[in-house]
Amino acid sequence: MRTAVLQLYRDCLRSARRIPTQEQREIWLQYTRGKFKENRRVTDVRLKRALEDGQEQLARMNYFHEMRDKKQQQQQQQQQQQQQQQQQQQQQQQEEEEEEHLAAPPNSHRHINHHQQQHHNHHPLPSHAPSINHGAASSSSCKISSVNPTGAAPSSWNLSTFLHIHLPGIEEEDLKRYEKELVKDGFNSMAMIKYLEIEDISTWKKAHRRAVLSAIAAMKDEG
């Protein structure tokens, strides 16, 4: 019996120390020590009853500890789920913004080329005009050749440049793969690139497919 009482005393003290608030913890520690001190000289019959009462109180204390721990775990899980949902939403939003950016039609290039063509048609160069610097013209045409309204592929047109212009920020690995596939299938000139269809680039990333097809549609409209 003495062994059981000592074990109960240790268990009660251990359970009281699990109380999170210091004030309540001290109150229960004092209460436990006082109760055991008060009943240390009881007879066998009263000792047995006191032991049963102490075990019952210990069971209640442990039950409250378990409920508190379970509630804390649930709150932590909810917080983790909320954080994961927020991260997923942020990632999805970033991907959508990136797709919208890549899929936007190259309006600036089309408007520049269209304006230059109108200027050329309505304001021909006079006979005494200075000669054109072909080196500079070649450099400029490389930047806007993707929407050449004449439909003919100028000598400066380059497939890699075309992809760089309409797929800003494209990774080098994707660029090499796309260029290799297009050349293999015969889409290595401006004249042939206009015939590109979505099934020809089904292995590309979705945003890249949209951006290139949008650029080709603009070329056809200009042509």
Determine whether more than 12 heavy atoms belonging to other residues, nucleotides or ligands lie under 6.0 Å from atom CD of Q75. yes

Rounded distance [0.5 Å steps], SG in C12 versus CD in Q57: 7.5 Å

List the atom of D200, the atom of L196, and the distance in Å for their closest heavy-atom pair. CB-CD1, 3.6 Å

Parallel, tilted or perpendicular for Y178 and W204, by the 30°/60° rule? parallel

Under 3.5 Å, side chain of K220 to main-chain N/O of K194, donor-acceptor pair present? yes

Separation between CG of N158 and CD1 of I165, rounded to the nearest 0.5 Å: 9.5 Å

N188 and V183: which non-hydrogen atoms are nearest, and at how many Å? CB-CG2, 4.1 Å

Heavy-atom side-chain contact between L102 and R210 under 4.5 Å: no

Out of E181, E173, E179, which residue meets the salt bridge (Lys or Arg N to Asp or Glu O under 4.0 Å) rule with R177? E181

Hey, does M190 have a side-chain heavy atom less than 4.5 Å from the side chain of M219? yes

Is there a side-chain contact between R33 and K37 (heavy atoms, below 4.5 Å)? no

Look at the side chain of H65 and the backbone N and O of S15, then say whether any donor-acceptor pair between them is shorter than 3.5 Å. yes

Look up atom NZ in K176 and atom OG in S160, then write down how far apart they are to the nearest 0.5 Å. 10.0 Å

Is the number of heavy atoms from other residues, nucleotides or ligands under 6.0 Å of E97 CD greater than 12? yes

Hey, what do you get for NE2 (H164) to CG (L175), rounding to the nearest 0.5 Å? 4.5 Å

Using side-chain heavy atoms (C-beta onward) and a distance below 4.5 Å, is Q94 in contact with E98? no

Are the side chains of I19 and T21 in touch, meaning some heavy atoms are under 4.5 Å apart? yes

Of all residues at least two apart in sequence or in a different chain, which pass the side chain to side chain donor-acceptor pair (under 3.5 Å) check with D11? Q7, R14

Heavy-atom closest pair (I216 atom, I193 atom, distance to 0.1 Å) is CD1-O, 3.3 Å

Taking C-beta and beyond as the side chain, do F187 and L159 meet within less than 4.5 Å on heavy atoms? no

Please name the pair of heavy atoms, one in R18 and one in R68, separated by the smallest distance, quoted to 0.1 Å. O-NH2, 3.1 Å

Just by distance, do the side chain of R25 and the backbone of P20 share a donor-acceptor pair under 3.5 Å? yes

Looking only at heavy atoms, which two atoms of L213 and E197 are closest? And how far apart? CD2-C, 4.2 Å

Shortest non-hydrogen contact from D174 toward K205: OD2-NZ, 3.1 Å

With sequence neighbours left out, the residues meeting salt bridge (charged side-chain N to carboxylate O under 4.0 Å, His left out) with E66 are none

